[in-house]
Amino acid sequence: MPSRVSDSLALHPVFQHNHNQYLDLNSLEELPDSHAWSSELDKLSSSPDDHGESNLPVIDLSDSINGPKHLVHACKTWGAFQLINHGISNQLIDSMEAATRKLFSLPIEQKLKAERQEGGCGYGPFRISSFFPKRMWSEGFTIVGSPLQHARLLWPEDYSVFCDVTEEYQKEMKKLAGKIMWIMLEALGITKEDIIWAGPNGEFEASGAALQLNSYPVCPDPDRAMGLADHTDSTLLSILHQSNQSGLQVFQEEMGWVTVPPVEGALVVNIGDLLHILTNGSYPSVLHRVTVNRERHRYSMAYLYGPPHSAEISPLSKLVDHQHPPLYRPVTWSEYLGMKAILFYNALSSLRL
Ligand SMILES: O=C(O)CCC(=O)C(=O)O
Ligand SMILES: [Fe+2]
């Protein structure tokens, strides 16, 4: 049984890319055939229905009267929201974004020194790339715990700046994720005693997480390319910072694909599959994807938050009764990552009772 998130990422490797996979996207003037995406590759109709102004709710975490109410409504109807006044300093977010830009601006040969091995941490394409015959217009960097080992390969002389900001960012994100969890759960009548793995103080001390840094270079033919194909996250929830460039879209039943524009100071929160299971479907996970553009390089930082590695996640007993039977069988995060690596879109439904 793997003991950590990084071990289970490594145990469930994705398609092994060879080096010519790593075209330097920044230097291409035409879209290569390998990256020419066709609409059939998307699960849902992929016409980029840009609804202009997003209606994704913006929630003010400092508003203790209305904030929680609006947050819960957003979870039920959208599976996502933008969060402002979340307490993470602009300075920390800016420093983390600067570190992300610095990383991706390294020459490709340098980035490949920290190439992701066997599906775990490091530099490489998105893990979900294996499910698609075409490549996505993006590059990623996955961090679980300390990035020291990889940062040393990238910047032998000067790795501590990257490590310090990354560790501080992860620490703050973990606190924020725990806070959001309790707002969501308390609204459903769940208390600290109901979730053993929340720990004695309900602080989710043993929770697991990965920090996924993403880069979407300027694209010569954005209408035929895909930054990140539609997917749900295999998390409890994910907290995303997007640089000042739109591209993220969430799928909403009535509206189709809706663009989530960057809002000054806001973090985007997405519900993942494990919270969907835990809440017996009350908070559905949200399908999302990323489009690219020809004007500006886009970056994002996704904090992927999950339960302790071996905790069994199943619908909370308080949310289950005769009228509401449990919809999913128990699963650990590790097991679920393994299922997602094989079944992808069908992983969640394969757990249906
Ligand atoms: O870049 C984005 O906006 C989204 C990234 C994302 O969905 C992910 O890393 O899972
Ligand atoms: Fe995602």
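Both ligands and their constituent atoms are indexed starting at 1 by order of listing.
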> So, are Glu167 and Lys171 salt-bridged, with charged N and O less than 4.0 Å apart?
Replying inline: no

> Which protein residues have a heavy atom under 4.0 Å from ligand 1?
Replying inline: Gln212, Asn214, Tyr216, Leu228, His231, Asp233, Leu240, Leu248, His288, Val290, Arg298, Ser300, Ala302

> Rounded to the nearest 0.5 Å, how far does CD of Glu335 lie from CD1 of Ile313?
Replying inline: 11.0 Å

>> Could you tell me if the side chain of Thr232 sits less than 4.5 Å from the side chain of Lys340, heavy atoms only?
In response: yes

> Given the side-chain rings of Phe131 and Phe344, with only the six-membered ring counted for Trp, is the space between their centroids under 6.0 Å?
Replying inline: yes

>> Can you tell me which residue among Met181, Met184, Lys318 is in a side-chain contact (heavy atoms from CB on, under 4.5 Å) with Ile190?
In response: Lys318

> Going through the checks in order, is the ring pair (Phe, Tyr, Trp, His ring centres under 6.0 Å) test met by Trp137 and Tyr216?
Replying inline: CA-CA 6 Å; Trp137 194 264; Tyr216 307 88; over 10 Å; no

>> Quick check for you: with the Fe ion (ligand 2) as the vertex, what angle do NE2 of His231 and OD1 of Asp233 span, to 10°?
In response: 90°

